[in-house]
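Let me begin by presenting the structure, written as structure tokens, before commenting on it.
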Amino acid sequence: GAILAERHPERAAALLVPVVESGEAQSERQKALAALSRVPSADVDAAFSDWLSRLIDGNFPSPLQLDLVEAASQRNNPLIQEKLKDYRDAFPPEDTLAAYRTSLHGGDYTRGRELFIGRMEVKCLRCHKVKTVGGSAGPPLSRIGVEKSREYLLESIVLPSAQIAKGYETTVITTDEGRVVSGIVQSEDDEWIRLLTPERQSIDIAVDAVDDRYSGKSAMPEDMHKYLDAFDLRDLVEFLYHLGRRPQDQ
């Protein structure tokens with residue numbers, strides 16, 4: 001697609017625009033949009049303009065929306081850039097997920113799984129358990145796809161403190177000696193509070209020694225999504241959405 005796009009722009013336009021419109025495989029339609037981003041053709045500009053109008057009206061397929069927005073942003077056509085701005089401006093200011101909504105649908109499960117398990121910067125399994133594998137500092141995710149919506153899953157990655165799973169908020173304790181310790185409460189009775197620190201250490205604090213205590217943010221780092229581009233995010237949402245849904249995962 002890329003070679004054709006550069007050498008024969010009009011042929012590329014004639015071949016790829018119909019694939020976006022009515023291709024059978026979602027991945028082929030996504031790839032066609034990416035290839036078209038580089039095709040210098042008035043026909044392609046017209047197609048992008050039409051697709052963006054449909055996106056603004058809510059009539060463009062959700063699994064292709066990220067591909068469309070990313071491809072359109074590479075066109076230097078003023079009308080296309082104006083429509084992109086109209087699309088972004090249409091979200092209400094209070095919609096905290098506005099910048100990420102194109103990542104809700106259309107991801108690749110296999111790539112999402114690889115990201116979840118293998119991407120060093122995000123290390124999801126360090127804190128979350130899926131079935132028997134993973135840590136316990138964050139809520140278990142074995143059935144998260146059945147229990148939660150795509151919006152919840154997306155929000156939990158980009159805004160982890162918006163809705164904190166009960167028992168997984170960070171507790172900050174100041175002792176009567178002025179020591180400050182933060183972590184997740186692992187266990188607690190009348191005498192001792194056991195905290196799991198971000199470094200995975202368990203610390204016991206005597207209840208009598210607690211001078212001040214408050215619970216606040218999610219223990220999940222706020223900047224986790226900075227290591228993920230919009231396509232990574234989409235793949236991760238797709239993977240999480242299928243946890244507990246596929247027969248082989250039960």
Side-chain angles (χ1 to χ4, degrees), residues 1-2 4-6 9-108 111-112 149-160 162-163 222-238 240-241:
L4 181 70
E6 286 166 27
E10 295 312 321
R11 268 178 62 201
L15 280 168
L16 293 171
V17 169
V19 173
V20 175
E21 286 288 353
S22 55
E24 288 193 11
Q26 176 180 292
S27 60
E28 291 305 310
R29 298 174 80 184
Q30 292 174 340
K31 283 176 190 157
L33 276 163
L36 282 167
S37 69
R38 299 180 296 276
V39 176
S41 151
D43 287 348
V44 172
D45 278 341
F48 271 108
S49 179
D50 175 48
W51 293 330
L52 286 169
S53 294
R54 282 155 56 185
L55 177 68
I56 291 163
D57 292 340
N59 295 322
F60 194 78
S62 51
L64 308 180
Q65 289 181 2
L66 175 60
D67 310 273
L68 172 61
V69 169
E70 291 290 324
S73 65
Q74 293 178 50
R75 311 290 297 175
N76 57 9
N77 176 297
L79 177 63
I80 288 173
Q81 294 307 316
E82 186 66 33
K83 286 193 176 180
L84 267 176
K85 186 176 182 306
D86 290 346
Y87 165 69
R88 293 189 173 113
D89 289 348
F91 287 99
E94 66 274 11
D95 183 358
T96 51
L97 284 180
Y100 308 101
R101 286 192 175 276
T102 49
S103 294
L104 280 169
H105 298 272
D108 181 303
R111 268 205 76 237
S149 67
R150 287 176 183 269
E151 278 86 356
Y152 179 95
L153 298 172
L154 179 62
E155 183 181 65
S156 67
I157 302 166
V158 297
L159 301 165
Q163 299 183 61
E222 298 282 327
D223 64 350
M224 193 65 85
H225 65 286
K226 290 189 181 131
Y227 301 106
L228 304 162
D229 66 22
F231 292 97
D232 294 335
L233 203 49
R234 180 170 74 169
D235 293 338
L236 206 44
V237 168
E238 193 66 24
L240 292 169
Y241 185 71

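Treat the numbers as computed from the prediction; the structure is a model and nothing was measured.
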Minimum heavy-atom separation for A13 and P18, please, with both atom names. O-CD, 3.9 Å

Minimum heavy-atom separation for S37 and Q74, please, with both atom names. OG-OE1, 3.5 Å

Flag yes if more than 12 heavy atoms outside N76 fall under 6.0 Å of its CG atom; otherwise flag no. no

Can you tell if the side chain of L233 reaches within under 4.5 Å of the side chain of L66, non-hydrogen atoms only? no

Parallel, tilted or perpendicular, as decided by the 30° and 60° cut-offs, for the rings of H225 and Y100: perpendicular

Do H105 and R150 come close enough that some side-chain heavy atom pair is under 4.5 Å? yes

Distance (rounded to the nearest 0.5 Å) between N77 CG and D45 CG: 4.0 Å

Which heavy atom of D235 sits nearest to which heavy atom of D108, and what is that distance? OD1-N, 2.7 Å

Calculate, to the nearest 0.5 Å, the distance between atoms CZ and OG belonging to R101 and S62 respectively. 12.0 Å

Residues, nucleotides or ligands: over 12 heavy atoms within 6.0 Å of F91 CZ: yes

Does L55 reach the side chain of W51, with side-chain heavy atoms less than 4.5 Å apart? no

Please find the pair of heavy atoms, one from E155 and one from L97, that lie closest to each other, and give the distance. CA-CD2, 3.9 Å

Has E151 got a side-chain atom pairing as donor or acceptor with L104's backbone, closer than 3.5 angstrom? no

Please identify each residue that fulfils side chain to side chain donor-acceptor pair (under 3.5 Å) with R54, with sequence neighbours left out. E21, D50

Does this structure show an ion pair linking D232 with R111, if we count only N-O contacts that are shorter than 4.0 Å? yes

How long is the span from the CG atom in L228 to the CD1 atom in I157, to the nearest 0.5 Å? 7.0 Å

Where do L36 and A12 come nearest, in terms of heavy atoms and distance? CD2-O, 4.3 Å

Pairwise side-chain contact, V17 with D43, heavy-atom cut-off 4.5 Å (strictly under): no

Is the shortest heavy-atom distance from the side chain of R88 to the side chain of V69 under 4.5 Å? yes

Compile the donor-acceptor pairs under 3.5 Å between side chains in residues 79-86 and protein atoms, sequence neighbours left out, one pair per line.
from : atom 1 : to  : atom 2 : distance (Å)
Q81  : NE2    : A72 : O      : 3.3
Q81  : NE2    : R75 : O      : 2.5
K83  : NZ     : S49 : O      : 3.1
K83  : NZ     : S49 : OG     : 2.8
K83  : NZ     : S53 : OG     : 2.6
K85  : NZ     : D89 : OD2    : 2.7

Verify side chain to side chain contact (heavy atoms under 4.5 Å, CB included) between S41 and E10, making sure each step is shown before the conclusion. CA-CA 7 Å; S41 151; E10 295 312 321; 3.7 Å; yes

Report the C-alpha separation of Y87 and L68 in whole Å, then their side-chain angles, then the decisive distance to 0.1 Å, and conclude whether the side chain to side chain contact (heavy atoms under 4.5 Å, CB included) test is met. CA-CA 12 Å; Y87 165 69; L68 172 61; over 6 Å; no

If every non-hydrogen atom of R29 is compared with every non-hydrogen atom of P61, which pair is closest and at what distance? NH2-CG, 4.0 Å

Identify, with sequence neighbours excluded, every residue that meets side chain to side chain contact (heavy atoms under 4.5 Å, CB included) alongside P92. E94, D95

Separation of D67 CG from F60 CZ (nearest 0.5 Å): 8.5 Å

